Participant: 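So that we are looking at the same thing, I have put the structure below in structure tokens.
It should be emphasised that the depicted structure is a prediction, and the values quoted were computed from it without experimental measurement.
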Amino acid sequence: MSTNTITDIHEKGLFKTLRTDNWWLYPGLVVFGLSSFLIYGFWSAWQADYYWYSAGQGGFGGYLAPFYSPLLFIKEGVEGAAPMEHSLFGAWPSWWPAWLPPSPSLLILAVPGIFRFTCYYYRKAYYRVFSGTPPACAVGSLPRKGKEGYKGETGLMIVQNVHRITMYFAVMYIIVFFYDAYLSFFRGGELGIGLGSLLLLGNPILLTCYTFGCHSIRHLVGGRMDCYSCGMMGEVAHNNGKIVGWLNQRHEFFAWFSLIWIMIADFYIHMVSMGNIIDPSTWSF
Amino acid sequence: MATRKFQIYRGDNEKGEMVNFETEVMEGMVVLDVIHKIQAEQANDLAIRWNCKAGKCGSCSMEINGKPKLSCMTRMNEYKPDETTTITPMKTFPVIKDLVCDVSWNYTQNKRIKPVKLAPESKTEKGYVMYQKDVDRAQEFRKCIECYLCQNVCHVLRDHDKKDSFVGPRFMIRVASLEMHPLDIEDRIPELKNDFGSGLCNITKCCTDVCPEHIHITDNGIIPLKERVIDRFYDPVTILGRKIFGVRKKKLPPLNP
């Protein structure tokens, strides 16, 4: 029999654990997934061109890369830019700093970005991998120094409470994305379908599943009530709770699925617009 | 039957050692069986707290290969025959002896929570009136067996030792069960934010992962409470709504369906 080992049962420190399983696998995958998304997102937003494709045809219809939607302003004369009639507020503003590319994406990514950043699921994911609080269950956290030590979401991270507010705006984005999907089924005013149409239709559907599984929405549509037998509103809240609850239980799945899908859809539109990929569609027959 | 190796913590809160044991493990044995076998055959003074051996009393909480578990519900066939299984007491609480912890801090937290205050207008000759769909949510939290595995794994208590400012997941769901009670008219939201430390939970969901009763502690308990705190203190829409329309009186289940 081997010798016994003296141990400090309360020993603390980053990554301290007696776990013998592959606890590092989940944080590893999250680092890879979130880093990939951030790198791609910055790359896409920084491009400022090739975000629109309508095969050179005017009229109603075309593919708009989701990272660029909605188009608040459009810079004319840029390769692969959308026609000016798709701009909500017209031509590119003169006050835009010259050192920043004239990318419509940079104007609109903040809201969905903050919505995802403050999402209860993503909080779990990135707190584990980027702040080590904790890296995994029963694995030592990154020690916090200072007078108060660990503050959780009472210090700087109190900002997480804006999730509710960004949720109100995120719902509006879904409407915009459904309009983009509708737009993608037309080219030069002619109804049709292409692979890009399917990608742009899948995007708002998955975003709907993700957004309406949000804990904040679940709270507002039924969770804040305590009496479900109280008249019609109670009944509605109870039924809402069942639907949103079903989505909420799959929040992690839809968080990742919608994230990967929007990335693929955006990349695909860029590639088609640049001419690197031929979009299979009914319009090319 | 096969001989398996174990390392079991022997000692108190100040000092201790991982003591090596080898014993025969038979098919169907759980970790608690192994501990009892070692206690009977090799270490009569090995301290272990247990009671029902059916996963319902919440007494035999410990850490097996570093994971917080009920030893009576952890089968030995979860582990490879050639690996050494480590068995240690819960890390978050003071060790009394060997695998037995002093969990009395938890009882003091329970006492801090305002008890249920039932609406008097809901009382009839037959008793208080409420309906199944009103209590579905809160009933999930009533499954809690108070094993304190969630309290043990919560890094706020385990690593950051915030026992003075965070009541822990078990008592967050206790507050949730009261706040969601259809007849309760008490208000615990201010102390939830200021005294019980709802803001210290960062939703990493380890409490949910280790719960032997599979209670969705974070998703169904803590997050809804955080949302109620946001309603009260952070959401400008709901704050403005209260300013304009006033604080709405809690609706109570109808006395006659």
Participant: Counting heavy atoms not belonging to A:R250, are there more than 12 under 6.0 Å from its CZ?
Facilitator: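 Buried by this count: over 12 neighbours within 6.0 Å.
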Participant: Let me confirm one number: the NZ-NE2 distance from A:K151 to B:H160, rounded to the nearest 0.5 Å.
Facilitator: 13.5 Å
Participant: Answer whether the closest heavy-atom distance between the side chains of B:D231 and A:R164 falls below 4.5 Å.
Facilitator: yes
Participant: Answer with side chain, backbone, both or neither: which region of B:N152 has an atom nearer than 4.5 Å to a non-hydrogen atom of chain A?
Facilitator: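 No part of it gets close to chain A.
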Participant: Taking every non-hydrogen pair under 4.5 Å, which of B:E179, B:H216, B:K15 racks up the most with chain A?
Facilitator: B:E179
Participant: Just wondering, do B:K67 and A:W23 contact through their side chains at under 4.5 Å, heavy atoms?
Facilitator: no
Participant: Just by distance, no angles: are the side chains of A:H10 and B:N13 close enough, under 3.5 Å, to form a donor-acceptor pair?
Facilitator: yes
Participant: Crowded around A:K16 NZ? As in, over 12 foreign heavy atoms under 6.0 Å?
Facilitator: no
Participant: Picking from A:K12, A:H251, A:E148, A:H219, which has the most non-hydrogen pairs under 4.5 angstrom with chain B?
Facilitator: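 Heavy-atom pairs under 4.5 Å are most numerous for A:H219.
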Participant: Could you give the distance from CD1 (A:I165) to CG (B:D235), rounded to the nearest 0.5 Å?
Facilitator: 6.0 Å
Participant: For B:T238, is it the side chain, the backbone, both or neither that has a heavy atom under 4.5 Å from a heavy atom of chain A?
Facilitator: side chain
Participant: Ignoring hydrogens and geometry, is there a side-chain-to-backbone donor-acceptor pair from A:Y150 to B:L200 under 3.5 Å?
Facilitator: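 Pair found, side chain donor or acceptor close to backbone of B:L200.
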Participant: Within a strict 4.5 Å, meaning less than it, do heavy atoms of the A:R218 and B:P224 side chains meet?
Facilitator: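 In contact.
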Participant: How long is the straight-line distance from CZ of A:R224 back to CZ of B:R248, given to the nearest 0.5 Å?
Facilitator: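 If we round to the nearest 0.5 Å, B:R248:CZ and A:R224:CZ are 5.5 Å apart.
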Participant: Let me know if B:R10 has heavy atoms under 4.5 Å from chain A in its side chain, its backbone, both or neither.
Facilitator: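 No part of B:R10 comes within 4.5 Å of chain A.
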Participant: Go through the atoms of A:V139 and report whether side chain, backbone, both or neither lie under 4.5 Å from a heavy atom of chain B.
Facilitator: backbone
Participant: Using every non-hydrogen atom in the two residues, find where A:P134 and B:C206 come nearest and quote the distance to one decimal.
Facilitator: CG-SG, 4.3 Å
Participant: Say whether B:E227 and A:Y120, considering side chains only, have a donor N or O and an acceptor N or O under 3.5 Å apart.
Facilitator: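 Checked: B:E227/A:Y120 side chains pair up, N/O donor to acceptor below 3.5 Å.
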Participant: Answer with side chain, backbone, both or neither: which region of B:C201 has an atom nearer than 4.5 Å to a non-hydrogen atom of chain A?
Facilitator: backbone
Participant: Looking at A:S141, is its backbone amide N or carbonyl O close enough to the side chain of B:D159 to form a donor-acceptor pair, meaning the two atoms are under 3.5 Å apart?
Facilitator: yes
Participant: Is A:I9 close to chain B through its backbone or its side chain, or both, or neither, when contacts mean heavy atoms under 4.5 Å?
Facilitator: both
Participant: Which heavy atom of A:S229 sits nearest to which heavy atom of B:K133, and what is that distance?
Facilitator: CA-CE, 3.9 Å
Participant: Between A:G231, A:A125, A:S216, which residue shows the highest count of heavy-atom pairs closer than 4.5 Å to chain B?
Facilitator: A:S216
Participant: Counting only non-hydrogen atoms closer than 4.5 Å, does A:L142 touch chain B with its backbone (N, CA, C, O), its side chain (CB onward), both, or neither?
Facilitator: backbone
Participant: Is B:I230 close to A:H163 at the side-chain level, that is, under 4.5 Å between some pair of heavy atoms?
Facilitator: no
Participant: Rounded at 0.5 Å granularity, tell me how far CE in B:M130 sits from OH in A:Y228.
Facilitator: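 Taking CE in B:M130 and OH in A:Y228, the distance rounds to 15.0 Å.
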Participant: For A:F32, I'd like to know if atom CZ has over 12 heavy atoms of other residues, nucleotides or ligands within 6.0 Å.
Facilitator: no
Participant: Can you tell if the side chain of B:E83 reaches within under 4.5 Å of the side chain of A:T20, non-hydrogen atoms only?
Facilitator: yes
Participant: Can you check whether A:M225's main-chain N or O pairs, donor with acceptor, with B:K251's side chain at less than 3.5 Å?
Facilitator: no
Participant: Might you point out which heavy atoms bring A:C227 and B:D134 nearest each other, and give the distance in Å?
Facilitator: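 Result for this residue pair: C-OD1, 3.6 Å.
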Participant: Could you grab the distance from atom CD of A:E153 to atom NZ of B:K226, nearest 0.5 Å is fine?
Facilitator: 3.5 Å
Participant: Answer with side chain, backbone, both or neither: which region of A:H215 has an atom nearer than 4.5 Å to a non-hydrogen atom of chain B?
Facilitator: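 Both backbone and side chain.
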Participant: Using a cut-off of under 4.5 Å for heavy-atom pairs, which of B:D184, B:N220, B:V135, B:T218 has the most such pairs with chain A?
Facilitator: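 Result: the option with the highest number of such pairs is B:N220.
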Participant: Taking every heavy-atom pair that is under 4.5 Å apart, which of B:D209, B:D219, B:L252, B:T86 has the most such pairs with chain A?
Facilitator: B:D219
Participant: If you round to the nearest 0.5 Å, how far is CG of B:L178 from CG of A:D226?
Facilitator: 11.0 Å
Participant: Please look at B:K5 and chain A and tell me whether the side chain, the backbone, both or neither of the residue comes under 4.5 angstrom of a heavy atom of that chain.
Facilitator: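 Neither part.
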Participant: Give, as side chain, backbone, both or neither, the part of B:V229 having an atom under 4.5 angstrom from any heavy atom of chain A.
Facilitator: neither
Participant: Would a 4.5 Å heavy-atom cut-off, applied to side chains only, mark B:E14 and A:D8 as touching?
Facilitator: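 No, their side chains stay 4.5 Å or more apart.
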Participant: Can you tell me if B:R142 has over 12 outside heavy atoms packed within less than 6.0 Å of its CZ?
Facilitator: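 Atom CZ in B:R142 is not packed in, count stays at 12 or less.
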Participant: At a 4.5 Å cut-off on heavy atoms, which part of A:Q249 comes close to chain B: side chain, backbone, both, or neither?
Facilitator: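 Interface part for A:Q249: neither.
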Participant: Are A:R128 and B:N202 close enough that a side-chain donor and a side-chain acceptor fall under 3.5 Å?
Facilitator: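 A:R128 vs B:N202: no donor-acceptor pair found between side chains.
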Participant: Among A:H238, A:R123, A:M233, single out the residue with the greatest number of heavy-atom pairs under 4.5 Å to chain B.
Facilitator: A:H238
